[in-house]
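Below: one structure, written as structure tokens.
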2 protein chains.
Amino acid sequence: MKRTRPVKRRPKRPDPKRSEPEVVDPRSNDDDPVIQGILTAISQKRLKPGAKLGEDKLAAAFGTTRIHIRQALVHLASRKVVMQIPNRGAFVYRPSWEEAQDIFAARRLLETAAVSAAIDRLDKSGKAELKAHMEREARHDRNDRWASLSLTAEFHILVAKLAGNQVLLDMSRELMLRTSLAIATFEQPGEPDCSPDAHPDIGALILARDKAGAIHAMRHHIDDMERRIRPEEGKGEIDELTAIFKDIGARARAGG
Amino acid sequence: MKRTRPVKRRPKRPDPKRSEPEVVDPRSNDDDPVIQGILTAISQKRLKPGAKLGEDKLAAAFGTTRIHIRQALVHLASRKVVMQIPNRGAFVYRPSWEEAQDIFAARRLLETAAVSAAIDRLDKSGKAELKAHMEREARHDRNDRWASLSLTAEFHILVAKLAGNQVLLDMSRELMLRTSLAIATFEQPGEPDCSPDAHPDIGALILARDKAGAIHAMRHHIDDMERRIRPEEGKGEIDELTAIFKDIGARARAGG
DNA sequence: GGCCACAATAATGTTTACAAAATATGCATC
DNA sequence: GATGCATATTTTGTAAACATTATTGTGGCC
């Protein structure tokens, strides 16, 4: 009876059609704009490993509440994209050197298997998708670093998709994110992430159904990516706060 | 002079007693007893797919608050162990038939690779660990279903550990959990999960460094597991509540 | 007698406020 | 002038109250 004003608050999530019973996406949290935003920012290297992810800042940036942010951070932490330290907050995950190597090894395993399965399952629509992507990648502006990063990631995702295993696709996606973090942590300055000529070669070999060749090319491509990082003392081991402090200190010195 | 005393607040997380063998200690990096408890309950099949995970019930069961429970559920949902439906709550995840097949395919890939790597890296301590586990598995009480399930899962985890890749180990752990859910969803009544004789064979082949044989045996073992499940109309598709109701109804009829 | 609508209840989701911890800042002291 | 301690501020963590939604039970209507 104490019904206050029936003020309708704006819904946090777009209202899905409730008429269909099982329209719920299995990965219910992955359509969350906060999670997607952070993942995109990381994959595009706008968020660097060790960067602080303050709850209030994120809430203001995404126009939502702290509770929502906290849920998103828990989700991302469980996927090892974010590291949560009690009473200190959340930071972009910074893999250790050993973990970086393990990530590349895992990608070698999953993606060579994906190439093989993709060739086995390749049909007309798959060929069309692959060709379309190769077109886009060939014609894209290589000076646009963000578009470049997105496109190169999309190639690997497309191959994993063509393999036809949703579980392995999700795992590959996770590994690609973590690869971004590994590269961002240990990359040599000024080096590109992917050799730009590798993807057309791999794509052509897949289209030609040259399984051994495509697997070899993919493995070589990942080896190339791994070769671009170096352990460089103290890069993955230092405390996150130390890294942040170092960065802030460097900027302060440069500024004055 | 209001000196802030270093008063230690009562810890929200009761210390988990490790009396039982922790089959599922995924690096679900949280030593959170709620997460560990739910994971253990699922791997031991005390929690069935589709079971409702009410926040108040869980909070009471674990002696903690709803906030804590909600965090744990978000974590588990991101691992696809729990399914969260907006405004309706959390349920133990129920994979579809296609997803179940993908899970087994992923395990084939990861675990055959693990066998290969384990043989390559096998050293004295690894051999000792493997032998010790095979001893335990040989002498365990096969009537104790929970211990049985724990031990058989531990064998696969041990092999993945011996492969020496922490990232792939974590993924394998996750896949094993999801295998439990897949089997629980689609299993034929009264069938055991693992053929009890497969593990000694695989272990012996690893100890003998027979790589081709061990890989073949592992693949065959996983094939066997997969063959034990059947699509059975409407088992993975029916609503969770329907499944619960069916189970309760069956027990009520049996009881009187 | 079956079906639909409405109200009661329980559960989830969200807001608000507050407490605790960590970091930053300022002051006193050496 | 540098260092260490104390305070202030910011940030994270927690709790309780409240609103919303789904479920269930009841009653009226066809």
Side-chain angles (χ1 to χ4, degrees), chain A residues 1-24 28-29 32 34 50-77 82-91 239-249 252, chain B residues 1-14 30 32 34 50-77 82-91 239-242 244-245 248:
Chain A
M1 204 57 140
K2 60 198 308 190
R3 170 176 292 270
T4 57
R5 310 181 299 273
V7 55
K8 186 146 269 182
R9 182 182 41 222
R10 69 179 168 85
K12 282 290 185 295
R13 306 188 176 204
D15 182 27
K17 287 282 272 187
R18 224 38 86 90
S19 50
E20 304 189 18
E22 50 169 354
V23 74
V24 184
S28 57
N29 278 322
D32 186 306
V34 176
K52 167 99 187 198
L53 297 172
E55 297 180 1
D56 284 324
K57 307 278 180 59
L58 289 175
F62 285 100
T64 180
T65 66
R66 265 183 62 205
I67 295 192
H68 188 188
I69 296 293
R70 284 177 74 85
Q71 283 187 0
L73 290 176
V74 168
H75 182 106
L76 292 169
V82 157
M83 181 174 188
Q84 283 183 304
I85 305 177
N87 291 326
R88 284 176 63 188
F91 306 84
D239 195 45
E240 292 76 15
L241 265 298
T242 309
I244 294 171
F245 185 75
K246 190 188 73 178
D247 183 59
I248 292 174
Chain B
M1 274 296 203
K2 36 175 80 161
R3 178 184 190 86
T4 58
R5 319 186 287 276
V7 56
K8 198 142 236 172
R9 181 180 45 205
R10 68 190 154 83
K12 274 295 177 298
R13 324 192 151 180
D30 301 16
D32 186 306
V34 176
K52 166 99 186 195
L53 298 172
E55 298 181 0
D56 286 324
K57 307 278 181 61
L58 289 175
F62 285 101
T64 180
T65 67
R66 262 183 68 203
I67 301 177
H68 188 187
I69 296 292
R70 284 178 75 83
Q71 282 187 1
L73 290 176
V74 169
H75 184 109
L76 292 169
V82 157
M83 182 172 187
Q84 283 183 305
I85 303 177
N87 292 325
R88 283 179 59 189
F91 305 84
D239 196 45
E240 293 77 14
L241 268 298
T242 309
I244 296 171
F245 184 76
I248 293 173

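First the proteins, then the strands, lettered A, B, ... as listed; each starts at 1.
Taking CD from A/Q84 and CG from A/L53, the interatomic distance works out to 9.5 Å, rounded to the nearest 0.5 Å. Taking NE2 of A/H68 as the start and CG of A/L58 as the end, the distance is 11.0 Å to the nearest 0.5 Å. Separating the CG atom in A/D32 from the CD1 atom in A/I69 is a distance of 8.0 Å, to the nearest 0.5 Å.
Phosphate contact (OP1/OP2 of D/dA15, side-chain N/O of B/T65, threshold under 4.0 Å): present.
Considering only residues two or more places apart in sequence or on other chains, B/A72 meets the side-chain contact (heavy atoms from CB on, under 4.5 Å) condition with B/V34, B/I35.
When the P atom of C/dG13 is taken as reference, atom CD of B/Q71 falls 14 Å away, rounded to whole Å. The CD1-P distance, from B/I67 to C/dG13, rounds to 14 Å in whole Å. As rounded to whole Å, 11 Å separates atom C1' of C/dA22 from atom CZ of A/F91. Protein atom CE of B/M83 is 16 Å distant from nucleotide atom P of C/dT12, rounded to whole Å.
B/Q71 and A/V74 make their closest contact through O-CG1, 3.6 Å (heavy atoms, listed as atom of the first residue, atom of the second, distance). The minimum heavy-atom distance between B/K52 and B/R88, with the atom names listed, is NZ-O, 2.7 Å.
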Write out a two-atom table: protein N or O, nucleotide N or O from nucleotides 9-12 of chain D, distance below 3.5 Å.
| residue | atom | partner | partner atom | Å |
| --- | --- | --- | --- | --- |
| D/dT12 | OP1 | A/E55 | N | 3.4 |
| D/dT12 | OP2 | A/E55 | N | 3.3 |

